[in-house]
Peer 1: 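Can you read through this structure? Questions will come right after.
The model shown is predicted, which means the values in this text are computed figures rather than measured ones.
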Amino acid sequence: MWDTKFGFPPAAPPTTAAAAQKNPKRRREAEAEAEGEVAAEMREEAVERLRGVVRDSVGKHLYASAIFLADKVAAATGDPADVYMLAQALFLGRHFRRALHILNSSKLLRDLRFRFLAAKCLEELKEWHQCLIILGDAKIDEHGNVVDQDDGSDIYFDKDAEDHEINIKAAICFLRGKAYEALDNCDLARQWYKAAVKADPLCYEALECLVDNYMLTCEEESELLSSLKFGKEDGWLSAFYSCLIRKHEKEYIVEAKFKEFERESCSISSLSSGLTLKNNIDVLACKAEYYHQSGEYQKCFELTSALLERDPFHLKCTLVHLAAAMELGHSNDLYILACNLVKDYPQKALSWFAVGCYYYCIKKYDQARRYFGKATGLDGTFPPAWIGTGIAYAAQEEGDQAMAAFRTAALLFPGCHLPTLYMGMQYLRMHNFKLAEQFFTQAKSICPSDPLIYNEMGVVAYNMKEYQKAVQWFELTLEHTSSSLNEMWEPTLVNLGHALRKLKKYQKAISYYEKALTFQTKSLSAFAGLAYTYHLMDKFEAAITYYHKIHEYKTVVIPKFVQNFHHAENHAGDTIIHGVNIKNSSAIIWKEAWPLQISKALSRCLRKSETYRYFDLPFCSPEKVKEKSEALGEVLNGDRLVDAPYKLDFRVDYDSKPVCSKKLTKEEVAKFRNAVAKDYYFQMYYDDLPLWGFIGKVEKGGKTDPKEWKYYLYRHIIFDILYNNDRVIEINVHTDQSALVDLTEDKEADVQFLYSVKWKETPTPFEKRMEKYSSSSNLPHHLEVHWFSIINSCVTVLLLTGFLATILMRVLKNDFVNATAALPFGTICVIVLIWTLVTFPLLVLGGIAGKNSKTEFQAPCRTTKYPREIPPLPWYRQTIPQMAMAGFLPFSAIYIELYYIFASVWGHRIYTIYSILFIVFIILLIVTAFITVALTYFQLAAEDHEWWWRSFLCGGSTGFFVYGYCLYYYYARSDMSGFMQTSFFFGYMACICYAFFLMLGMIGFRAALFFVRHIYKSIKGRGRSPSGAPVLKAIEAGYRHFDTAVHYETEAPIGEAAAEAVRSGAIASRADLFITSKLWCSDAHRDRVLPALRQTLRNLQMEYVDLYLVHWPVSMKPGRYKAPFTADDFVPFDMRAVWEAMEECHRLGLAKAIGVCNFSCKKLDTLLSFATIPPAVNQVEVNPVWQQRKLRELCREKGVQICAYSPLGASGTHWGSDSVMASAVLRDIAQSKGKTVAQARHVCLRWVYEQGDCLIVKSFDEARMRENLDIVGWELTEEERQRIAGIPQRKINRALRFVSDHGPYKSLDDLWDGEI
């Protein structure tokens, strides 16, 4: 606010001359006072003058001057208004930080304008949270009413100024809305925008955000409009807002609103008698948009064209103009408009959206989609671009991508019904009528006045054979259209006729068909409907008349007219967001010639890799060579395409058409002769079809001396092209042998280059046009050879399979007898095959994924600390001979196919049998895996445990065989020579063979690792026995509490042992045992707890468990039971939901008690705060090295029993430690008790027992089981307890595998709440 009131000092009292003379001192004082007052007045005048200069500088955009002068004024006066003036100048000069600092330093932020300007600075700095903080706390309801706001007071400014300003509180509400929108809180943004408009209807920015970003439904818009309080002089504003919002209302309502602008009462000033806003561009742009919504595209286009002549840079009018041009197919107008927009507004989404509209109009949907995407990248809140992207995908029948774009638009713009409508159309196209109906109903709830919605619902009803309902929907469509129907609604009239015909209301159906013909005089659907209706009425003459009309307007016979129904996409595009619509994606019609593109390469016959640029030879060359942007395949193939000098128009024959005439110099003749002598040929492409031809020929005439040979250049090329309808099927090229140029001598030659084109029709379908290239080769080619190769490889695979089966079933037979959980061999093969095919990654991505998800290696069984000495091995068991054996079999499986691949890459054969190539590749992987596993077994059988790198080298050794084949191919099969050819061939093949080495090495290593894990797990166990025999021995020894979990894979053996114990009489019944099991992390979800417990009971073959525990306070994706775990496996743990499901298990009687494992004090407190059934047990790690004193106190206080696992330190597990059993304190106490050092474990167990904890001890040795019971009959002394209490504390099982930078627990402190 620039105008500020300043007072004048009071006038000095008069001083008489007599008084002054009587009192000289008084006189001097009076004179000094008068001089001071004059000086003050002079200073005030100077300051006021500077204020005026500041205002003038701002008006002239001289912000540096304004800042300079305002700074001096504020320093001189210290007046708050001058401080505000300085901050305003700084803001306008884009010195946001300095302006913010001055406002904060002034300590005047209680004033609304100071606070608002400070918040505007933060808005420019994109510091949205700080912006909201400085605006202050406020609450708002869903209707946009501010219910609690502390905005301070406007204390330093003129209150009367509010009469001619936008209310400052409206501006603050609008700024809050922008902040919340930037923070992706659309609900609060919408409410604050509504509050801004309600606070002051003149705050147009807020309404614009609500309308343009589709934040409100039609009903909400109407409610907002009715709640606005306009002044008496703001009738024009009310009318304008009504026109802006109610474009889908019925015609008479909208027209009445526009007529209001023609009345004098809608003028802004009463002084402008007879002048109204009816010619205002914003008003007319609203009217143009209404025309577009009504389907009157020509009227819309004419109006927007006139408006853009008046104001070419009115962007809202430009958007409507784009829409109308799109519907009318004015591609030239779209092109010009797009070019101008990109030139003037390169950073605006509208500009690139216009480019996308142009490409969509000319049916180049890939380019359209790319530019629509660029528009969304520039402005993610630009609705037309999102919907345009979806419609471009829909035009290419890419339904999934289209639905994704529409879903995004529906989320971003909840008040726009079009994304939902288009999703319904997609489901309608897929014949999913139920889902289509749901989306149409949702669209109707957002915008109940759009007639297209009712039409689509009628289409759904018709397809669901609900014809009466379809009639009702179509009639509602016509009711919601304008009173003057246009051709946009011709399909609706035809649809209504179809529905009435189904109801056998033939006369009414005929009336609607005939009405449709008034809009589209050549409507095939209307003719078909009339013909078939008259046919049903037995009026055959009329039916035949209309059948003939169909043939008259369409050359292709339509064999079936029954149920010829307009699908939504034939007309759905008529309701659009500014120029994007859905239409049928039809085949491209040939309107112009495909460009003939010639490879930049001239190649030497039998030296395909030796290539040169085409125009290096003096052919007819254009002034500027037009290059084609290559796709990845073309780049990798070495193609560099340019437009050829031959014009091949579709179905246009040419006979000896000149290309150019030129005089060849001696040097150019020598160039051509050298190329002809070396058998150079050219390669061209037409509609992606390749063609080849030699540039000349050599006539030897039976002579052996090259000096006596004749060299000729072909100057007349003939193109033979076969076509089927509008598609090119085949193209060939040959030369006119009579049109030759003699190049034998080095002399100048006049040459006229010619070409001919001949088009012929063929019945070959487009889908089979590539078949001819499968036999295009200079060498014999038989498909049977490929199948022979595959059969040979399959025999190799079968032999290897039998060989491995012999190893596994005979050699390892004795080892597998006691391994009852070993998988069948067939299952192992299936798992290896699936694992190999599914998890095979690209090398780089595999390396990245491996690095990000690396975990500590977990051996399949306990390993010794010192490696065994490897015995001496014979030479054939060394690395090199093993690699030779391992690489030979896979290479023999691919040898035959390898020849054809080389002939295609380095020769001239075209490879087309990719299915056979894929089969051979799979066989290669299988053979590599099998042979590596076999050699690994032999290596382990020879007591050589260093198999890791050996398996990798053996698997990758096939790469060396392939490189060896390169030598054979180069010298025996190719005609390559010279340094360039040799280095090119062997350099590229070295890279390819190295890639094969890495890939197959990885396959070999992973197969060997899987094999080793399986046999060691099955034979030696993994610290646990899958058999139920140890459990039965434990029962017989007196144990009754058994702890299991689905993660341990011991539920089934325990269940079998329990059943056997009852049968043998070791226990009387199941009730004599106390069985504990646990809920694994991947089942820690509300809906998976009960199914997981039921599966546990099935494994145990029991009706209930005595105790069911939550294994960890961790949740993972369902199905993840085995380590290693990656960061992507973890999801947030919903403690309340999981526990409620656990309580349900208890109420159902499936678990007698429920509890938790590994819960910290904090997590246990949290659980107890809401649990209906408190946990009975918290099973945690307890031992002398980790005594859990704090947790024990909490559990005693809350009545929760501690159950101790790993009381001995879990030595032998992948996470365990020897620190407990190696404790000197425990050993000393054991010796004092008369026990051996090895029996120090009894001291550990006794200590835990005396703490009142439940004990869990793991052992499979019967003698050890009985020894572990020897903890009764004696006790620890108080001194011994104190010594144990003094042992340094360190948690052993820290559960690092659950910690991830990208998971819920990012550190151990997060997992254990700082308690370790």
Side-chain angles (χ1 to χ4, degrees), residues 1023-1026 1028 1030-1032 1034-1035 1037-1059 1061-1062 1067 1069-1081 1083-1084 1089-1090 1092-1114 1121 1138-1139 1141-1146 1148-1159 1164 1167 1173-1182 1188 1191 1195 1199-1208 1210 1213 1245 1248-1249 1252-1260 1265 1268-1269 1293:
R1024 65 175 77 98
S1025 172
V1031 180
L1032 190 58
I1035 294 174
Y1039 286 86
R1040 293 298 181 264
H1041 180 192
F1042 293 93
D1043 185 89
T1044 183
V1046 65
H1047 185 58
Y1048 302 159
E1049 299 178 349
T1050 56
E1051 289 177 335
I1054 287 177
E1056 293 169 1
V1062 172
I1067 55 175
S1069 66
R1070 150 73 178 89
D1072 291 345
L1073 298 179
F1074 190 94
I1075 306 297
T1076 299
S1077 191
K1078 303 180 186 72
L1079 175 76
W1080 182 238
C1081 306
D1083 293 320
V1089 174
L1090 185 57
L1093 177 54
R1094 293 189 188 279
Q1095 181 60 47
T1096 290
L1097 294 176
R1098 283 193 290 271
N1099 294 341
L1100 291 167
Q1101 302 177 44
M1102 296 179 183
E1103 296 179 355
Y1104 67 91
V1105 292
D1106 297 278
L1107 178 62
Y1108 196 48
L1109 305 175
V1110 179
H1111 207 150
W1112 286 91
V1114 175
Y1121 294 97
V1138 172
W1139 190 252
M1142 293 285 288
E1143 291 175 336
E1144 180 65 18
C1145 295
H1146 176 68
L1148 292 173
L1150 302 179
K1152 299 299 184 183
I1154 54 177
V1156 295
C1157 296
N1158 301 296
F1159 268 50
L1164 190 60
L1167 175 59
I1173 303 174
V1177 170
N1178 185 11
Q1179 187 182 108
V1180 292
E1181 176 193 346
V1182 177
Q1188 297 276 21
L1191 181 64
C1195 290
V1200 179
Q1201 173 66 46
I1202 285 184
C1203 187
Y1205 71 79
S1206 302
L1208 304 179
T1213 64
L1245 299 179
V1248 175
Y1249 176 75
D1253 299 341
C1254 173
L1255 271 167
I1256 299 176
V1257 184
K1258 180 174 68 175
S1259 179
F1260 297 100
M1265 293 179 196
N1268 287 339
L1269 294 175
N1293 185 10

Peer 1: Out of curiosity, N1268 CG to K1258 NZ, how far, rounded to the nearest 0.5 Å?
Peer 2: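 Between atom CG of N1268 and atom NZ of K1258 there are 13.0 Å.
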
Peer 1: Is the backbone of I1075 close enough, under 3.5 Å, to the side chain of D1106 for a donor and an acceptor to pair up by distance?
Peer 2: yes

Peer 1: Quick one: salt bridge (charged side-chain N to carboxylate O under 4.0 Å, His left out) partners of E1143, sequence neighbours excluded?
Peer 2: none

Peer 1: List for me each residue that meets side-chain contact (heavy atoms from CB on, under 4.5 Å) alongside A1141, sequence neighbours excluded, and say none if there are none.
Peer 2: V1089

Peer 1: Look at the rings of H1047 and H1111 and say which category their plane angle falls in: under 30° parallel, 30 to 60° tilted, over 60° perpendicular.
Peer 2: perpendicular

Peer 1: Could you pull out all residues at least two apart from L1097 that satisfy side-chain contact (heavy atoms from CB on, under 4.5 Å)?
Peer 2: L1093, V1105, L1150

Peer 1: For H1041, give me all partners under ring pair (Phe, Tyr, Trp, His ring centres under 6.0 Å), at least two apart in sequence or on another chain.
Peer 2: F1074

Peer 1: Sequence neighbours excluded, which residues qualify as side-chain hydrogen bond (donor to acceptor under 3.5 Å, both in side chains) partners of Y1104?
Peer 2: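 side-chain hydrogen bond (donor to acceptor under 3.5 Å, both in side chains) list for Y1104, sorted by chain: empty.
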
Peer 1: Any chance you could lay out the side chain to side chain contact (heavy atoms under 4.5 Å, CB included) test for T1076 and I1256, step after step, and finish with the verdict?
Peer 2: CA-CA 11 Å; T1076 299; I1256 299 176; over 6 Å; no

Peer 1: Kindly give the heavy-atom pair with the smallest separation between G1155 and L1107, and that separation in Å.
Peer 2: N-CD1, 4.2 Å

Peer 1: Could you pull out all residues at least two apart from D1043 that satisfy side-chain hydrogen bond (donor to acceptor under 3.5 Å, both in side chains)?
Peer 2: K1078, Q1179

Peer 1: Evaluate the side chain to side chain contact (heavy atoms under 4.5 Å, CB included) criterion for residues W1112 and F1159: first the C-alpha distance (whole Å), next the side-chain angles of each, then the deciding distance (0.1 Å), finally the verdict.
Peer 2: CA-CA 7 Å; W1112 286 91; F1159 268 50; over 6 Å; no

Peer 1: So does E1056 get a backbone contact from the side chain of Q1101, meaning a donor-acceptor N/O pair under 3.5 Å?
Peer 2: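 A pair under 3.5 Å: no.
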
Peer 1: For M1265, does its backbone N or O pair with a side-chain atom of Y1039 as donor and acceptor, under 3.5 Å?
Peer 2: yes

Peer 1: Could you go step by step and tell me if I1035 and L1073 meet the side chain to side chain contact (heavy atoms under 4.5 Å, CB included) rule?
Peer 2: CA-CA 9 Å; I1035 294 174; L1073 298 179; 4.3 Å; yes

Peer 1: Distance check, rounded to the nearest 0.5 Å: R1040 atom CZ versus I1067 atom CD1?
Peer 2: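 These two atoms lie 6.5 Å from each other.
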
Peer 1: So F1042 and T1050, do their side chains get closer than 4.5 Å, heavy atoms only?
Peer 2: no

Peer 1: Would you name the heavy atoms of M1102 and G1055 that are closest together and state the gap between them?
Peer 2: CE-CA, 4.5 Å

Peer 1: State which residues pass side-chain hydrogen bond (donor to acceptor under 3.5 Å, both in side chains) with N1099; sequence neighbours excluded, sorted by chain then number.
Peer 2: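 With neighbours one apart ignored, the set is E1051, Q1095.
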
Peer 1: Just jot down the side-chain contact (heavy atoms from CB on, under 4.5 Å) partners of A1059, sequence neighbours excluded, or say none.
Peer 2: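 For A1059, the residues satisfying side-chain contact (heavy atoms from CB on, under 4.5 Å) (neighbours in sequence not counted) are R1063.
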
Peer 1: Would you sort out whether T1096 and W1080 count as a side chain to side chain contact (heavy atoms under 4.5 Å, CB included), showing the intermediate values?
Peer 2: CA-CA 11 Å; T1096 290; W1080 182 238; over 6 Å; no

Peer 1: With sequence neighbours excluded, what pairs up with A1176 under the side-chain contact (heavy atoms from CB on, under 4.5 Å) test?
Peer 2: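 Applying side-chain contact (heavy atoms from CB on, under 4.5 Å) to A1176 gives A1153.
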
Peer 1: Would you say the side-chain atoms of Q1201 pair up with the backbone N or O of P1175, donor to acceptor, closer than 3.5 Å?
Peer 2: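 Between the backbone of P1175 and the side chain of Q1201 there is no qualifying donor-acceptor contact (under 3.5 Å).
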
Peer 1: Of all heavy-atom pairs between L1245 and P1207, which one has the smallest distance, and what is that distance?
Peer 2: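 So the minimum-distance heavy-atom pair works out to CD2-CG, 3.8 Å.
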
